[in-house]
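Data first, discussion second: the structure below is written as structure tokens.
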2 protein chains.
Amino acid sequence: MTETVISSATKEVVIGFGRPFVMIGERINPTGRKLLAEEMKAGDFSRVEADAIAQVAAGAQMLDVNAGIPLADEPALLAQAIQLVQSVTDVPLAIDSSIIEALEAGIAVYQGKPLINSVTGENEVLERVLPLVAKAGAAVVAISNDETGISEDPDVRFEVAKKIVSAAADHGIPAHDVVVDPLVMPIGAMGTAGQQVFALVRRLRDELGVNTTCGASNVSFGLPARHAITGTFLAMAMGAGMTSAIMNPMHAEVKTAVMAADVLAGHDRDCAAWIRENRDPNAGEGAGGARRRGGRRRAATA
Amino acid sequence: MTETVISSATKEVVIGFGRPFVMIGERINPTGRKLLAEEMKAGDFSRVEADAIAQVAAGAQMLDVNAGIPLADEPALLAQAIQLVQSVTDVPLAIDSSIIEALEAGIAVYQGKPLINSVTGENEVLERVLPLVAKAGAAVVAISNDETGISEDPDVRFEVAKKIVSAAADHGIPAHDVVVDPLVMPIGAMGTAGQQVFALVRRLRDELGVNTTCGASNVSFGLPARHAITGTFLAMAMGAGMTSAIMNPMHAEVKTAVMAADVLAGHDRDCAAWIRENRDPNAGEGAGGARRRGGRRRAATA
């Protein structure tokens with residue numbers, strides 16, 4: 001069974017077939033969050049700290065950390081954010097940037113074995129990122145697009161993923177340390193987006209034997225009641241074999257769907273996590289529990 | 001593409017691959033509903049009428065009608081219930097009984113092409129039910145158990161389904177009029193129940209080319225927050241290829257999951273049904289809409 005081990009200084013998380021799904025908190029990312037971007041650029045990381053703590057409390061087993069802010073010193077900001085997050089939580093992190101110097105700065109301060117997010121199938125990107133990943137002994141997210149863009153054909157995206165896994169092996173990075181992101185398009189814009197991902201995840205698992213992840217929220221972009229779409233998407237992707245996602249565990253419908261899908265996939269032994277989440281009035285309000293007890297739902301946050 | 005056409009006097013419903021999932025309302029069934037059983041036995045069908053209207057209003061495209069009450073005249077009650085339901089709704093029905101005389105009485109009064117629920121793989125049952133189905137020109141639910149009971153091995157259940165499809169063909173009933181129920185066990189009692197069904201549905205679709213259905217609520221029996229489990233189960237089953245279910249469309253979480261899964265499977269063109277359900281304040285409260293608008297949830301009903 002394929003297992004991708006990611007760690008902090010004190011904690012290991014295993015992404016793997018036959019295991020509970022790994023929720024990677026998406027919130028620490030200034031893209032589309034103007035206030036967070038302004039604060040981080042001005043050296044105020046209080047919201048980063050709060051988002052880290054809240055996502056872990058909601059059930060995130062890992063956190064993604066991104067500091068991509070235009071005209072800012074991204075390497076310095078990313079390093080600072082990672083140090084801060086590692087000081088307030090013990091979960092392993094995904095170091096998220098498209099800037100090689102930011103990845104380097106993040107890796108330099110990181111304690112443990114990180115997940116580097118990401119490499120693509122573009123030759124230039126492969127040649128810049130993979131040596132970094134190999135040197136750090138890290139795992140890496142492999143996004144299945146290349147110089148030609150994002151193909152709508154799942155077979156083409158499969159070939160790109162295969163190419164990345166092969167290039168990683170050339171750098172001494174084993175396939176179990178490559179977590180493929182099949183790329184999730186908004187279903188409102190492309191009606192086949194779901195089926196593409198489900199088919200691709202199944203092939204990636206059966207034929208390449210790799211773990212998978214995705215930016216889950218993108219699937220519901222532009223639709224009403226979008227958290228129900230995102231949650232249902234994740235459940236179906238888990239049914240097809242997806243093993244992790246970058247997502248928001250603070251959205252009750254999304255977290256509930258993931259926990260229920262773990263039950264149904266047989267990955268929540270004796271339904272223990274489900275029963276704990278939904279029986280204990282002191283448990284987090286993230287999953288079905290809050291709803292079952294008839295509480296008023298919190299307003300959805302984007 | 002396999003298509004099972006079921007009809008009332010005025011309306012056709014098609015269960016099929018590549019089409020929206022067909023929700024068959026489960027409520028008109030006195031099993032476990034003491035009050036309904038007592039009322040029906042005493043000739044009071046007001047609750048049957050109310051349940052028929054409410055389920056169709058909530059989105060049921062078909063209704064299952066069962067009158068299985070101990071020590072009652074089931075054939076007479078079932079015929080009466082069917083006539084009443086057909087007089088207040090126009091959706092096609094599943095005529096549900098394990099008593100051959102009740103199926104006969106139901107078929108005799110039914111207007112249209114019904115779904116007969118059900119036949120099993122037991123030889124005696126096959127020889128009694130299939131001639132009825134053939135004579136009525138009906139479709140039939142085929143439950144994948146036989147004289148040896150319900151196997152935990154999906155391969156055995158597949159073979160039972162195959163035997164029923166073959167026996168149906170011997171009676172002149174085409175495979176597209178056999179809707180296989182893979183049998184859904186409570187996940188709380190059997191952790192592999194979900195995976196068994198998903199694997200079986202995929203084989204039934206790919207190898208036998210038949211439509212599928214199930215009694216969905218059973219999967220969450222005994223668990224807290226059970227409607228979230230049932231809804232997520234249906235979404236994953238739809239991802240595996242299931243095309244209909246006998247379920248309760250009045251449970252918001254269940255209906256929302258089915259509608260979201262139709263979007264993600266590419267069966268809700270331009271997300272039209274989803275957007276209508278979740279944008280129009282006058283639409284039914286069954287799906288995500290009521291929740292998105294922050295309303296207090298209704299208490300769950302069993």
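First the proteins, then the strands, lettered A, B, ... as listed; each starts at 1.
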B:Asp270 atom CG: more than 12 heavy-atom contacts under 6.0 Å:
no
Identify the heavy atoms of A:Cys271 and B:Gly188 that sit nearest to each other, and give their distance.
SG-CA, 3.9 Å
What one should report as the nearest heavy-atom pair of A:Ala228 and B:Trp274 is CB-CH2, 3.8 Å
I need the B:Leu234 CG to A:Met236 CE distance, nearest 0.5 Å.
11.0 Å
Give, as side chain, backbone, both or neither, the part of A:Ala240 having an atom under 4.5 angstrom from any heavy atom of chain B.
neither
Chain A contacts, top residue of B:Leu264, B:Val219, B:Thr232, B:Val263 (heavy-atom pairs, under 4.5 Å)
B:Leu264
What residue, out of A:Gly191, A:Ala261, A:Ala257, has the most heavy-atom pairs lying under 4.5 Å from chain B?
A:Ala261
Quick one: of B:Arg269, B:Met238, B:Arg202, B:Met190, who has the most non-hydrogen atom pairs under 4.5 Å with chain A?
B:Arg202
Would you give me the side-chain donor-acceptor pairs under 3.5 Å for residues 194-201 of chain B, sequence neighbours excluded?
| from | atom 1 | to | atom 2 | distance (Å) |
| --- | --- | --- | --- | --- |
| B:Gln195 | NE2 | A:Ala265 | O | 3.3 |
| B:Gln196 | OE1 | B:Arg157 | NH2 | 2.1 |
| B:Gln196 | NE2 | B:Glu152 | O | 3.1 |
| B:Gln196 | NE2 | B:Thr192 | OG1 | 3.1 |

Got a second to check how far B:Leu223's CG is from A:Arg279's CZ, nearest 0.5 Å?
8.0 Å
